[in-house]
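Since this is a predicted model, take the numbers as computed values, not measurements. Atoms considered below: every heavy atom in the structure, side chains included; atoms not considered: hydrogens, waters and symmetry mates.
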Amino acid sequence: MNGSSVAPNQNPPSHALTIDLEEWFQGLTSTNRQVARWPQWPARAAGLTDRLLELLAGHGVRATFFVVGALAAAEPALIARIAAAGHELAVHGYDHRFVHELTPAQFRAELRRTVHAIRRAAGDVPILGHRAPTFSINGSCLWALDVLADEGFVYDSSLIRTQSAVRLCAGAPAAGAPAT
C-alpha cells in the first residue's frame, strides 16, 4: 500500500470547489436588506480571500467564485486577482437579494449589473454560471431559469432538494424522506 486512497495507474478523484464570495454582512438575513449601511461595516472579504487564493495556489486547485456584484464593485482589484489566478468567476446577485422576492425584470437587472461589475474588474472574462443568494430559486420563481438562459448563462447552481422555508423547491421530498 502506498498510503494513497488512489490505486496505482488510476486518475485521482476530481472535485468541484465553489465559493460564495460576499462580505460577512451581505449574507446575513439581518443585515443584507440594509444595503445603505454596508459601507459603514468593516470589510473582510479581500484579506480572507487573498489567504484562500494562496492556499488554493499552493495545492494547484482552481475554484468557481460566485461573486456578489456589490463586492465586485467595491473590491475590483480582488476580483482581478481571482481571475488572474485562473479561477472561474460567476454571479451571486448584486445585493444578495432573494430571487423569489424579485420580479423577472428586477432579476434581469441584477444579473446585468453584476456581470458588468465583474467584467469591469476582471476584463472580458467568460461568465457562465449563477448561484442565487441563499439558493433562493424555488418553485415560485422557476421563471428565473428562463431569464438566465436568455442572458446567456450556461448553468445555474441554485436548485437543491430541501424543505427549508427559504429554499423550498418544487418536487423536494418531505423532511427526512430519501431523495429519489
Side-chain angles (χ1 to χ4, degrees), residues 16-53 56-57 62-138 140-160 166-167:
L17 176 62
T18 66
I19 295 144
D20 288 359
L21 186 59
E22 58 203 41
E23 283 292 355
W24 63 272
F25 48 80
Q26 292 170 331
L28 299 174
T29 56
S30 63
T31 58
N32 74 351
R33 297 174 190 270
Q34 300 176 40
V35 175
R37 294 183 63 196
W38 287 0
Q40 76 187 34
W41 290 319
R44 299 181 181 141
L48 295 172
T49 303
D50 282 334
R51 289 173 53 195
L52 177 60
L53 289 171
L56 295 173
R62 299 289 177 262
T64 298
F65 284 75
F66 290 96
V67 180
V68 168
L71 177 61
E75 297 281 356
L78 172 63
I79 305 309
R81 289 193 299 275
I82 294 168
H87 300 285
E88 177 185 8
L89 296 171
V91 169
H92 193 46
Y94 193 87
D95 288 325
H96 206 270
R97 296 168 62 192
F98 299 147
V99 174
H100 60 80
E101 294 180 355
L102 300 175
T103 66
Q106 289 170 322
F107 180 58
R108 186 180 306 274
E110 280 231 345
L111 291 173
R112 289 178 178 177
R113 190 174 179 200
T114 304
V115 166
H116 177 75
I118 292 171
R119 287 198 171 131
R120 187 169 183 204
D124 192 23
V125 297
I127 300 175
L128 307 176
H130 170 267
R131 177 177 289 155
T134 318
F135 301 92
S136 58
I137 292 179
N138 61 32
S140 72
C141 62
L142 293 176
W143 51 259
L145 301 175
D146 293 326
V147 173
L148 287 165
D150 290 347
E151 292 296 315
F153 287 86
V154 174
Y155 71 91
D156 178 76
S157 181
S158 305
L159 298 175
I160 57 173
V166 173
R167 303 177 187 132

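Partners of Arg62 under the side-chain hydrogen bond (donor to acceptor under 3.5 Å, both in side chains) rule, at least two apart in sequence or in another chain, do not exist in this structure. Taking the side-chain hydrogen bond (donor to acceptor under 3.5 Å, both in side chains) definition, one finds that Ser157 meets it with Arg131, sequence neighbours left out. Residues forming a ring-ring contact (aromatic ring centres under 6.0 Å, His included) with Phe65 (at least two apart in sequence, or on another chain): His87. Residues satisfying the side-chain hydrogen bond (donor to acceptor under 3.5 Å, both in side chains) test with Glu75, not counting sequence neighbours, are none. Every residue two or more places apart in sequence or in another chain that forms a side-chain contact (heavy atoms from CB on, under 4.5 Å) with Asp150 is listed here: Arg108. Here Gln106 pairs with Arg97, Leu102, Thr103 under the side-chain contact (heavy atoms from CB on, under 4.5 Å) rule; sequence neighbours left out. Scored by the side-chain contact (heavy atoms from CB on, under 4.5 Å) test, Ala132 finds Val99, His130, Ser136, Ile137, Ser158 as partners (sequence neighbours excluded).
For the atom pair Leu71 CG and Glu23 CD, the distance stands at 5.5 Å (nearest 0.5 Å). Summarising the geometry, atom NE2 belonging to His100 is positioned 13.0 Å from atom CZ belonging to Phe135; distances are rounded to the nearest 0.5 Å.
Within the 4.5 Å cutoff, the side chain of Val147 has no heavy atoms near those of the Phe153 side chain. Put simply, the side chain of Leu21 does not reach to within 4.5 Å of the side chain of Leu89, judged on heavy atoms. No side-chain heavy atom of Ile19 sits less than 4.5 Å from a side-chain heavy atom of Thr49.
Note: His92 and His96 have perpendicular aromatic rings, judged against thresholds of 30 and 60 degrees for the angle between ring planes.
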Donor-acceptor contacts under 3.5 Å from residues 114-128 side chains, at least two apart:
residue	atom	partner	partner atom	Å
Thr114	OG1	Gly93	O	3.3
Thr114	OG1	Tyr94	N	3.2
Thr114	OG1	Glu110	O	2.8
Arg119	NE	Val125	O	2.9
Arg119	NH2	Val125	O	3.1

